[in-house]
Protein chains: 2
Amino acid sequence: MARPRQALLTKERIVEAAAALIDAEGLDACSMRRLATELGVQGPSLYNHFATKAEIVDAVAEVVVAQVDISVFHGNDWREALRLWAKSYHAVLAAHPNIVPVLATGPGRRPAGLAMAEAVYGALIDAGWSRARATHIGALMRYLITGSALGSFALGFDADPELYDHYPHLHRAHELAAHRDAVDEGAFQLGLDLLITSLSDRYDLGVRR
Amino acid sequence: MARPRQALLTKERIVEAAAALIDAEGLDACSMRRLATELGVQGPSLYNHFATKAEIVDAVAEVVVAQVDISVFHGNDWREALRLWAKSYHAVLAAHPNIVPVLATGPGRRPAGLAMAEAVYGALIDAGWSRARATHIGALMRYLITGSALGSFALGFDADPELYDHYPHLHRAHELAAHRDAVDEGAFQLGLDLLITSLSDRYDLGVRR
DNA sequence: ACCTGAACACCGTTCAAGT
DNA sequence: ACCTGAACACCGTTCAAGT
């Protein structure tokens with residue numbers, strides 16, 4: 001088969017398969033040859049639709065970020081909007097943890113990433129925050145959200161239990177994995193709550209630096 | 001040359017060269033063959049000293065984390081200790097940003113990582129925080145520190161300036177890169193300040209959940 | 001226009017062969 | 001014990017050849 005009259009591939013099919021592969025087996029498993037096999041095609045065929053592998057991965061990142069709900073910035077107080085957006089973003093990344101490293105470096109040229117940055121920054125500016133502070137708050141939220149999505153804290157203590165016996169306070173660290181949700185979600189919720197509450201306090205004081 | 005009477009390689013030399021290579025050109029550039037070349041040796045020779053590439057990268061992570069100052073947990077109020085430790089950790093990661101993805105998934109079996117977890121958690125327990133809350137606070141700090149170290153927020157808007165013209169509030173986003181330090185450091189400092197201040201408030205209220 | 005096989009310059013890792 | 005060359009099964013990407 002050289003060229004079928006009906007194209008075998010489309011950008012959409014490629015991105016869909018890449019997203020599934022990344023979700024199921026991680027970024028490393030998503031090689032051009034492997035992805036092509038998944039699509040019933042040979043590796044080089046993908047280059048008829050995307051110039052590089054990075055473009056494919058970027059397109060996956062785009063569809064993931066597009067799932068974040070940014071409609072909450074309309075009709076909500078900035079505090080509530082920020083909280084709802086952060087929870088939505090957090091939930092989307094929890095569902096697609098393997099793509100997080102790609103998002104953690106910024107919006108790039110991705111429309112959904114830029115639309116999200118615009119919505120967050122615009123809402124803070126409209127609420128009266130200075131441009132410098134609005135930028136800081138936006139950055140800070142990304143730090144918390146991507147930092148928490150990058151790797152489970154609870155699952156980070158997955159060595160053999162005996163290892164932790166050498167550390168007076170860590171001797172039960174291996175039990176964290178069994179309470180993964182309570183640990184990881186609890187930490188994120190605490191962080192979000194602390195940040196928004198204390199930002200709100202400063203705002204009410206009229207600091208608005 | 002088959003076997004020199006004086007070994008050409010040592011674990012220390014390998015880790016030192018790997019750290020330099022990762023700092024200078026990133027994790028991807030640190031391949032076994034490239035690293036071996038840097039050491040004047042052939043690729044497979046490295047396997048006489050480390051079982052896998054992951055072990056080498058882990059050893060680099062260890063020496064980086066070992067630079068974080070955890071002595072601050074002695075003789076300081078928990079608030080001040082947490083602040084000083086976070087600043088030290090942040091500064092170390094800022095000096096070695098390319099290794100951050102390796103640390104972001106937890107301490108693993110690395111002595112320095114475990115000693116740091118022990119120091120942070122122990123200090124929070126000794127201050128009176130419950131085990132659940134101390135865990136949350138520890139996780140939260142890692143989220144902020146690794147999240148901020150993973151990628152500059154300011155440099156994330158590095159597309160051509162025209163791209164941002166389509167977004168009402170982002171039209172000056174390309175100027176962020178010129179103020180990278182003020183943006184990135186300001187956001188981190190703000191986050192650290194907000195978190196510790198608001199934790200302190202809850203602590204003084206006697207919540208200590 | 002779009003898919004293919006062959007090729008290039010890389011990977012991590014294994015292993016028998018050398019001293 | 002420690003370094004080597006050759007090999008295996010992979011990478012991302014290019015390109016001439018096919019329809």
Side-chain angles (χ1 to χ4, degrees), chain A residues 1-62 98-99 101-102 105 108-110, chain B residues 1-62 98-99 101-102 105 108-110:
Chain A
M1 165 213 323
R3 166 162 129 80
R5 68 188 57 185
Q6 174 72 9
L8 294 176
L9 297 176
T10 62
K11 281 188 177 241
E12 286 69 28
R13 278 197 68 219
I14 294 170
V15 173
E16 189 182 4
L21 193 47
I22 290 170
D23 279 345
E25 305 187 35
L27 269 175
D28 288 346
C30 187
S31 72
M32 296 301 264
R33 285 174 178 84
R34 173 74 191 281
L35 177 57
T37 301
E38 220 78 30
L39 288 159
V41 106
Q42 298 299 318
S45 303
L46 298 169
Y47 290 90
N48 287 297
H49 303 269
F50 289 95
T52 61
K53 178 183 172 176
E55 274 189 19
I56 297 179
V57 172
D58 217 52
V60 172
E62 168 69 12
N98 295 334
I99 198 71
V102 180
T105 55
R109 322 182 42 85
R110 297 186 295 273
Chain B
M1 165 212 327
R3 168 163 127 80
R5 68 188 58 185
Q6 173 72 9
L8 294 176
L9 299 176
T10 62
K11 281 189 177 238
E12 286 69 29
R13 277 197 70 218
I14 294 170
V15 173
E16 189 183 4
L21 193 48
I22 290 170
D23 280 345
E25 305 187 35
L27 269 175
D28 287 345
C30 187
S31 71
M32 295 300 264
R33 285 173 178 85
R34 173 72 192 282
L35 177 57
T37 301
E38 220 77 32
L39 288 159
V41 108
Q42 298 298 319
S45 302
L46 298 168
Y47 290 90
N48 287 296
H49 302 268
F50 288 95
T52 62
K53 178 183 173 176
E55 273 190 17
I56 297 178
V57 173
D58 216 51
V60 172
E62 168 69 10
N98 295 334
I99 198 73
V102 180
T105 55
R109 322 182 41 85
R110 296 186 295 274

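Source: prediction; values computed, not measured. Numbered from 1 within each chain, the chains take letters A, B, ... in sequence-line order.
- Residue B:H49 has a polar side-chain atom (N or O) positioned under 4.0 Å from OP1 or OP2 of D:dC3.
- Across the strands present, C:dC10 finds no partner; the criterion is a Watson-Crick or G-U wobble pair with both atom distances under 3.5 angstrom.
- Comparing A:N48 and A:R33 against DNA chain C, the residue whose closest nucleotide sits nearer the 5' end is A:N48.
- In this structure, A:L8 atom CG and C:dT4 atom P are separated by 7 Å, rounded to whole Å.
- Between C:dC2 and A:S45, no contact under 4.0 Å exists linking OP1 or OP2 to a side-chain N or O.
- Nearest heavy atom pair, residue A:K53 against residue A:L27, reads NZ-O, 4.3 Å.
- A straight line from CG of A:L35 to P of D:dC11 spans 11 Å, rounded to a whole angstrom.
- Between the C1' atom of C:dC2 and the CD atom of A:Q42 lies a distance of 14 Å, rounded to the nearest Å.
- Between the B:N48 side chain and the B:S45 main chain, a donor and an acceptor come within less than 3.5 Å of each other.
- Counting to the nearest Å, the P atom of C:dC11 and the OH atom of B:Y47 are 12 Å from each other.
- The closest donor-acceptor contact from the side chain of B:R13 to the backbone of B:L8 lies under 3.5 Å.
- Remark: P of C:dT14 and CZ of B:F50 are 16 Å apart, rounded to the nearest angstrom.
- Using a 4.0 Å heavy-atom criterion, one finds that A:S31 contacts the sugar-phosphate atoms exclusively.
- Taking atom CG on B:L46 and atom P on C:dC15, their separation rounds to 17 Å, with Å as the unit.
- Counting to the nearest Å, the P atom of C:dA7 and the CE atom of A:M32 are 21 Å from each other.
- Listed here is the closest heavy atom pair of A:D58 and A:V102: OD1-CG1, 4.5 Å.
- Nucleotide C:dA1 is matched to D:dT19 when pairs are restricted to Watson-Crick or G-U wobble geometry with both distances under 3.5 angstrom.
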